[in-house]
Amino acid sequence: MCTVVLRFGLPVLALAWLAGCAAPADQPDADATIQSAERVARMLAGNYVGTSKQSGSPVDSGGLVRLEVRVERIAASGVVVRMEQREDDSAPRSFVVVFRPTMIGTRLEGDFSPLDPQGRELGSCPIEVSVQSDGFVARTSAASCRFGQGEGAAALIKEIAHDGQRLVIGDRVVDPDSGEALMSDRVLEFEQVQRFVGWAGVLDSDASWRIAEGIALESDGLGLDPEDAGGMTLGIALDLAPHRVRDGQPPVLRLRVFDRDSGELLGQSWADPQATRIGLALPTVQVGLRLRNTRKQ
């Protein structure tokens, strides 16, 4: 096993399986079919939550980034995947990626197209895909991925890397003639959204516990206000999402409990991103959650 860094040169993108690692030599595949492209598309499909990082910044930008990826069409001409990215309250950004097989089993080709708010393509760039046993790396080239004209012209180097569980997307915008960066490189690190179920309880003033049974909380940071069996709120709010404790280290899964009215943080706990259970025990608040679904394989 080796460790490499994507072409953006950011250590946060180091993954043991990427193109710098030893891989079987490419062999011509005379029976190449759309199935190889479908496999990559299915691996990519899902709901993700993650963080954004600009080159030169030691910390994440702050807010969570949510990404929905779905397979829209499977045809002989290629597998069409739509990606919709949301950040806080800003308008979503949408993209389409088309994967097509080649005569080499470890290579795909295709197109990357950003969309306008009405869903129309703003342009199209060829994309090359290197397929590994447990993931893939897709990349556009500054020579062939260009937008705008004259002084507003720019070239986009976009990398999409997936290891079967974790998704990393990097963007570099450069001058099409000089190759110099026109803005800070941006890296998005995503984890698959997971669904947890369980219970939450609060201690009332009469020393009895009120319990919310059968609650469901997803690891997308959107939050939940649990209610007891009578439909009364417990007066707390829960959220669950990836969180980076230290720069350069993988994120943990963080559970937080807030006072519903004041917004005060009452407590938090951390777990490994692949944990199947997470909980919190405070004198007046307790939460117990277990993983409902398994990670996509």
Side-chain angles (χ1 to χ4, degrees), residues 4-10 12-15 17-20 23 26 36-41 43-45 48 50 52-55 65 67-73 77-85 92-104 106-116 119-132 135-150 152-163 166-190:
V4 299
V5 179
L6 286 187
R7 296 173 178 87
F8 293 165
L10 297 175
V12 75
L13 285 178
L15 298 174
W17 50 272
L18 294 183
D26 292 339
S36 58
E38 182 181 355
R39 173 179 171 269
V40 166
M43 182 185 302
L44 182 60
Y48 299 85
S52 171
K53 190 186 186 82
Q54 302 283 348
S55 60
V65 183
L67 180 70
E68 179 185 356
V69 185
R70 61 181 182 271
V71 178
E72 289 205 326
R73 187 173 69 252
S77 58
V79 180
V80 180
V81 174
R82 186 183 178 104
M83 308 172 72
E84 185 172 276
Q85 179 180 312
R93 300 173 59 204
S94 297
F95 315 89
V96 166
V97 181
V98 180
F99 296 108
R100 292 187 293 269
T102 70
M103 295 303 292
I104 299 177
T106 57
R107 293 286 187 270
L108 301 177
E109 62 183 15
D111 304 293
F112 165 79
S113 304
L115 306 179
D116 68 11
R120 297 172 301 208
E121 290 188 5
L122 295 172
S124 182
C125 305
I127 194 166
E128 296 182 353
V129 185
S130 174
V131 182
Q132 306 294 322
F136 69 89
V137 180
R139 188 175 191 261
T140 66
S141 167
S144 57
C145 190
R146 300 189 175 192
F147 299 94
Q149 296 179 350
L156 172 65
I157 304 172
K158 189 175 195 74
E159 293 192 359
I160 304 171
H162 203 298
D163 68 352
R166 181 168 171 254
L167 173 65
V168 180
I169 299 177
D171 289 321
R172 168 174 285 175
V173 179
V174 302
D175 182 283
D177 297 321
S178 68
E180 295 182 1
L182 297 178
M183 59 183 66
S184 298
D185 295 344
R186 190 182 191 207
V187 179
L188 299 169
E189 294 186 83
F190 291 103

Identify, with sequence neighbours excluded, every residue that meets side-chain contact (heavy atoms from CB on, under 4.5 Å) alongside Val69.
->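 Counting only residues at least two positions away or on another chain, Val69 forms a side-chain contact (heavy atoms from CB on, under 4.5 Å) with Leu44, Tyr48, Leu67, Val81, Met83.
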Distance, nearest 0.5 Å, that separates [atom1] of [X] from [atom2] of [Y]:
| X | Y | atom1 | atom2 | result |
| --- | --- | --- | --- | --- |
| Ile160 | Phe190 | CD1 | CZ | 10.5 Å |
| Ile157 | Asp171 | CD1 | CG | 10.0 Å |
| Glu68 | Gln85 | CD | CD | 12.5 Å |
| Met103 | Glu109 | CE | CD | 11.5 Å |
| Leu108 | Glu38 | CG | CD | 12.0 Å |

Side-chain contact, heavy-atom cut-off 4.5 Å: Val96 with Leu115?
->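 Counting from C-beta outward, Val96 and Leu115 do come under 4.5 Å.
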Is it true that a side-chain atom of [X] and a backbone atom of [Y] form a donor plus acceptor pair closer than 3.5 Å?
| X | Y | answer |
| --- | --- | --- |
| Ser94 | Glu84 | no |
| Arg146 | Pro176 | yes |
| Arg166 | His162 | no |

Qualifying residue, where the test is side chain to side chain contact (heavy atoms under 4.5 Å, CB included) with Arg107 and the options are Pro101, Ser130, Ser36 |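 Among Pro101, Ser130, Ser36, the one that satisfies the side chain to side chain contact (heavy atoms under 4.5 Å, CB included) with Arg107 is Ser130.
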Passes side chain to side chain contact (heavy atoms under 4.5 Å, CB included), Arg186 versus Ile169? Steps please.
-> CA-CA 8 Å; Arg186 190 182 191 207; Ile169 299 177; over 6 Å; no
Name the atoms and distances for all side-chain donor-acceptor pairs under 3.5 Å in residues 119-126, with sequence neighbours left out.
| from | atom 1 | to | atom 2 | distance (Å) |
| --- | --- | --- | --- | --- |
| Arg120 | NE | Asp116 | OD2 | 2.8 |
| Arg120 | NH2 | Asp116 | OD2 | 3.2 |
| Arg120 | NH2 | Gln118 | OE1 | 3.2 |
| Ser124 | OG | Ser113 | OG | 3.4 |

Please step through side chain to side chain contact (heavy atoms under 4.5 Å, CB included) for the pair Val79 and Val71, ending with a clear verdict.
-> CA-CA 7 Å; Val79 180; Val71 178; 3.9 Å; yes
Heavy-atom pair with the smallest gap, counting every atom of [X] and [Y]:
| X | Y | value |
| --- | --- | --- |
| Phe136 | Ala138 | CD1-N, 4.1 Å |
| Val65 | Ser52 | CG2-CB, 4.1 Å |
| Val98 | Gly78 | CG1-CA, 4.2 Å |

Would you call the rings of Phe95 and Phe112 parallel, tilted or perpendicular if under 30° counts as parallel and over 60° as perpendicular?
->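 Answer is parallel, since the angle falls under 30°.
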Would the number of heavy atoms belonging to other residues, nucleotides or ligands and lying under 6.0 Å from CZ of Arg70 be above 12?
->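 Above 12, so yes.
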Greater than 12 external heavy atoms within 6.0 Å of Glu128's CD |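 No, not enclosed.
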For the pair [X] and [Y], find out whether any cationic side-chain nitrogen is under 4.0 Å from an anionic carboxylate oxygen.
| X | Y | value |
| --- | --- | --- |
| Asp185 | Arg172 | yes |
| Arg139 | Glu159 | yes |
| Asp111 | Arg100 | yes |

